Amino acid sequence: MRQSVEIKKILAEGKIGDTLSVNGWVRTKRASKNVAFINLNDGSTLHNIQVVVDVNKFDREILDQITTGAAIAAEGELVESKGAGQNVELVAGKIHLYGAADPAKYPLQPKKHSLEFLREIAHLRFRTNTFGAITRLRHAMIFAVHKFFNDRGFYNIHTPIITGSDAEGAGEMFRVSILDPKNPPLTEDGKVNFREDFFGKETNLTVSGQLEAELAALAMTKVYTFGPTFRAENSNTKRHLAEFWMIEPEVAFFDIDNNMDLAEEMLKYLVHYALEHCRDDLDFLNKRLQDEEKNLKKEERQMELIEKLNFVLENKFERITYTTAIEVLKNSKSNKKGKFHYPVKEWGMDLQSEHERYLVEKHYKKPVIITDYPRDIKAFYMKQNDDGKTVRGMDVLFPQIGEIIGGSQREEEYDRLYARIQEMGIDEKTLWWFLDTRRFGSVPHSGFGLGFERLMLFVTGMGNIRDVIPFPRTPQNAEF
RNA sequence: UCCUCAGUAGCUCAGUUGGUUAGAGCAUCUGACUGUUAAUCAGAGGGUCGUUGGUUCGAGUCCAACCUGGGGAGCCA
């Protein structure tokens with residue numbers, strides 16, 4: 001393969017007079033009688049390099065095949081650009097065509113496409129400015145997550161993807177089985193006999209790595225997971241996926257306040273990292289959003305993307321209890337005027353997304369962390385407060401996105417945890433190992449789950465979660 | 001799963017109270033043009049109006065079911 005230089009590198013540090021070769025995909029070509037201009041992109045940066053071609057020096061047959069989408073190598077001298085719009089350009093001496101892209105059939109045009117259309121051609125959408133920017137940002141965020149934890153002495157734990165535990169209570173699960181679906185072995189009472197299945201028991205794809213991460217934290221002190229998560233819920237919204245990535249730190253000798261501090265520090269770190277390392281891509285997405293907002297009425301317009309990111313960095317998250325949240329909501333104008341679809345009446349009700357949005361977007365106007373929820377609406381493993389009514393859960397709520405983090409201090413007392421498992425009708429036999437950690441050297445510990453794609457929604461300003469993961473899996477859709 | 005809106009050219013969309021040959025911009029093709037920036041200018045080709053059924057002399061337009069997509073709700077990260 002021919003030696004070539006990344007376009008990002010050429011644009012940043014290329015010297016006039018250098019002879020070099022670039023590989024990439026043609027974004028646009030503009031031709032006149034004697035000269036043609038090719039904008040070439042290789043994904044290393046949002047920006048293209050302009051290749052200048054003296055039409056008379058090349059075979060017409062080759063030049064005709066250099067159309068939007070074609071892959072080429074261009075070799076030549078880097079010169080100062082005579083045109084506006086770029087500082088340097090490459091005067092082609094040689095051109096190699098790797099692969100043509102029939103212009104009558106290639107679906108991407110040098111114009112703005114709808115996100116819905118691009119979703120249908122997800123195999124090609126990496127080649128657009130928008131998805132190039134999102135892909136680079138996604139990588140930066142993945143890297144920053146690992147850097148954040150590594151710099152603070154956390155260990156990354158690979159928790160199992162196939163799990164035999166269905167007691168996590170986080171949602172419907174995808175079954176993993178090698179039994180013949182048409183003719184499965186049956187037990188005497190007519191049920192599917194999973195003893196004959198691969199693992200000798202019923203298994204599913206994980207809905208959370210939390211329980212296993214807790215086991216590791218109760219030895220390694222500070223751990224985190226960052227892996228795929230699967231939920232077989234029939235959720236059809238712009239913030240749900242059937243397959244998504246989740247970051248779950250779990251820390252021993254850590255209470256709910258430490259947990260909130262960690263969550264806030266982490267979110268701010270990641271946003272700061274994006275601003276620091278992906279400025280080009282963020283500027284592009286910012287402008288893209290501004291163009292879309294032009295069509296909206298003034299009162300419907302949102303804060304600009306970069307302004308919004310800085311806003312999160314500069315403001316301390318508001319920390320309130322569930323009880324306070326209910327009071328604020330109950331006394332709100334929206335509630336009194338009956339504007340809520342679900343009126344706020346009494347302590348104990350679950351907060352609806354309209355309530356969360358009111359608190360974040362209207363009342364506090366910044367990210368909000370709600371703690372100390374009624375125990376009856378939260379999971380079995382959350383630390384029970386001494387009031388007998390509430391648990392030390394916490395939800396971090398962001399504007400537009402809603403719940404970006406859900407977490408809690410964990411119940412470390414064996415008797416209380418056991419009682420709660422009994423109360424909720426969970427089969428304790430499937431959790432013997434989890435309970436064991438509360439019998440041997442149990443300590444206060446806490447953790448949370450951050451939906452990676454929800455973070456991506458916030459950082460990119462995109463509106464639909466299907467656009468911040470390369471190949472989204474949603475009900476009735478597993479294409480590509 | 002429920003509610004709601006939409007489906008017309010490769011893409012984005014227009015199409016009047018049902019009426020005879022369904023339009024535009026961009027893309028594509030052909031030609032013109034001495035440096036363009038989603039180049040520009042001129043011309044050409046391109047349609048089972050989501051599918052099936054119904055109402056009607058006549059359906060892109062009205063009705064029903066289904067399919068696909070968007071938005072909202074629930075579930076949650």
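Just so it is clear: chains get the letters A, B, ... in the order the sequence lines come, proteins before strands, and each one is counted from 1. None of these values were measured; they are calculated from a predicted model.
- Taking a pair as Watson-Crick or G-U with both hydrogen-bonding distances under 3.5 Å, the stems of three or more pairs touching RNA chain B are B:1-7 with B:67-73, B:10-13 with B:23-26, B:28-32 with B:40-44, B:50-54 with B:62-66.
- In this view, A/Tyr224 and A/His146, A/Phe149 satisfy the ring-ring contact (aromatic ring centres under 6.0 Å, His included) rule, not counting sequence neighbours.
- Taken residue by residue, residues 112-130 of chain A places heavy atoms nearer than 4.0 Å to RNA chain B at A/His113, A/Ser114, A/Glu116, A/Phe117, A/Arg119.
- Going from the P atom of B/G53 to that of B/G47 covers 23 Å, rounded to whole Å.
- Across A/Arg410, A/Glu214, A/Gln210, a single residue satisfies side-chain hydrogen bond (donor to acceptor under 3.5 Å, both in side chains) together with A/Tyr381, and that is A/Gln210.
- Salt-bridge formation is detected for the pair A/Glu453/A/Arg138: a Lys NZ or Arg NE/NH1/NH2 atom is positioned less than 4.0 Å from an Asp or Glu carboxylate oxygen.
- If you check every strand for non-hydrogen atoms under 4.0 Å, A/Ala36 touches nothing.
- Partners of A/Glu77 by salt bridge (charged side-chain N to carboxylate O under 4.0 Å, His left out), not counting sequence neighbours: none found.
- Using a 4.0 Å heavy-atom criterion, one finds that A/Thr237 contacts the bases of the nucleic acid, with or without backbone contacts as well.
- For the contact set between residues 448-467 of chain A and RNA chain B, defined by any heavy atom under 4.0 Å, the members are A/Gly449, A/Gly451, A/Arg454, A/Asn464, A/Arg466.
- In this structure, CZ on A/Arg473 lies 9.0 Å from CZ on A/Phe480, to the nearest 0.5 angstrom.
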For nucleotides 25-35 of chain B, just jot down a letter per nucleotide in 5' to 3' order: B, S or -, based on protein non-hydrogen atoms under 4.0 Å.
BBSSS---BSB
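- Using C1' as the reference atom, B/A14 and B/U61 are 14 Å apart when rounded to the nearest Å.
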When the side chains of residues 103-112 of chain A are checked against the rest of the protein, which donor-acceptor pairs come out under 3.5 Å, sequence neighbours left out?
{"from": "A/Tyr106", "atom 1": "OH", "to": "A/Arg127", "atom 2": "NH1", "distance (Å)": "3.4"}

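- Taking A/Phe284 as the reference, nothing meets the ring-ring contact (aromatic ring centres under 6.0 Å, His included) condition, with sequence neighbours excluded.
- The same atom, P, is picked in B/A9 and in B/G46; the two are 15 Å apart, to the nearest Å.
- Close to B/U36, at under 4.0 Å from its OP1 or OP2, lies no side-chain N or O of A/Arg30.
- In the region residues 239-246 of chain A, proximity to RNA chain B at under 4.0 angstrom, judged on heavy atoms, holds for A/Arg239, A/His240, A/Leu241, A/Phe244, A/Met246.
- In this structure, A/Lys268 forms a cation-pi arrangement with A/Phe317, its terminal cationic atom sitting closer than 6.0 Å to the ring centre and no more than 45° off the ring axis.
- Backbone-only contact: A/Lys238 has heavy atoms under 4.0 Å from sugar-phosphate atoms and none from a base.
- Under the ring-ring contact (aromatic ring centres under 6.0 Å, His included) criterion, A/Phe117 pairs with A/His113, not counting sequence neighbours.
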Would you tabulate the pairs of protein nitrogen or oxygen atoms and nucleotide nitrogen or oxygen atoms of nucleotides 42-51 of chain B closer than 3.5 angstrom?
none

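- The aromatic ring centres of A/Phe471 and A/Phe126 sit less than 6.0 Å apart.
- For the P atom pair drawn from B/U20 and B/C49, the interatomic distance equals 15 Å after rounding to whole Å.
- Contact check on A/Asp261 versus A/Arg319 returns a salt bridge, with a Lys/Arg side-chain nitrogen under 4.0 Å from an Asp/Glu carboxylate oxygen.
- For A/Arg420, the salt bridge (charged side-chain N to carboxylate O under 4.0 Å, His left out) criterion is met by A/Asp376, A/Glu423, not counting sequence neighbours.
- Counting atom types as modelled, A/Asn48 pairs no side-chain N or O with a base atom of B/U37 as donor and acceptor under 3.5 Å.
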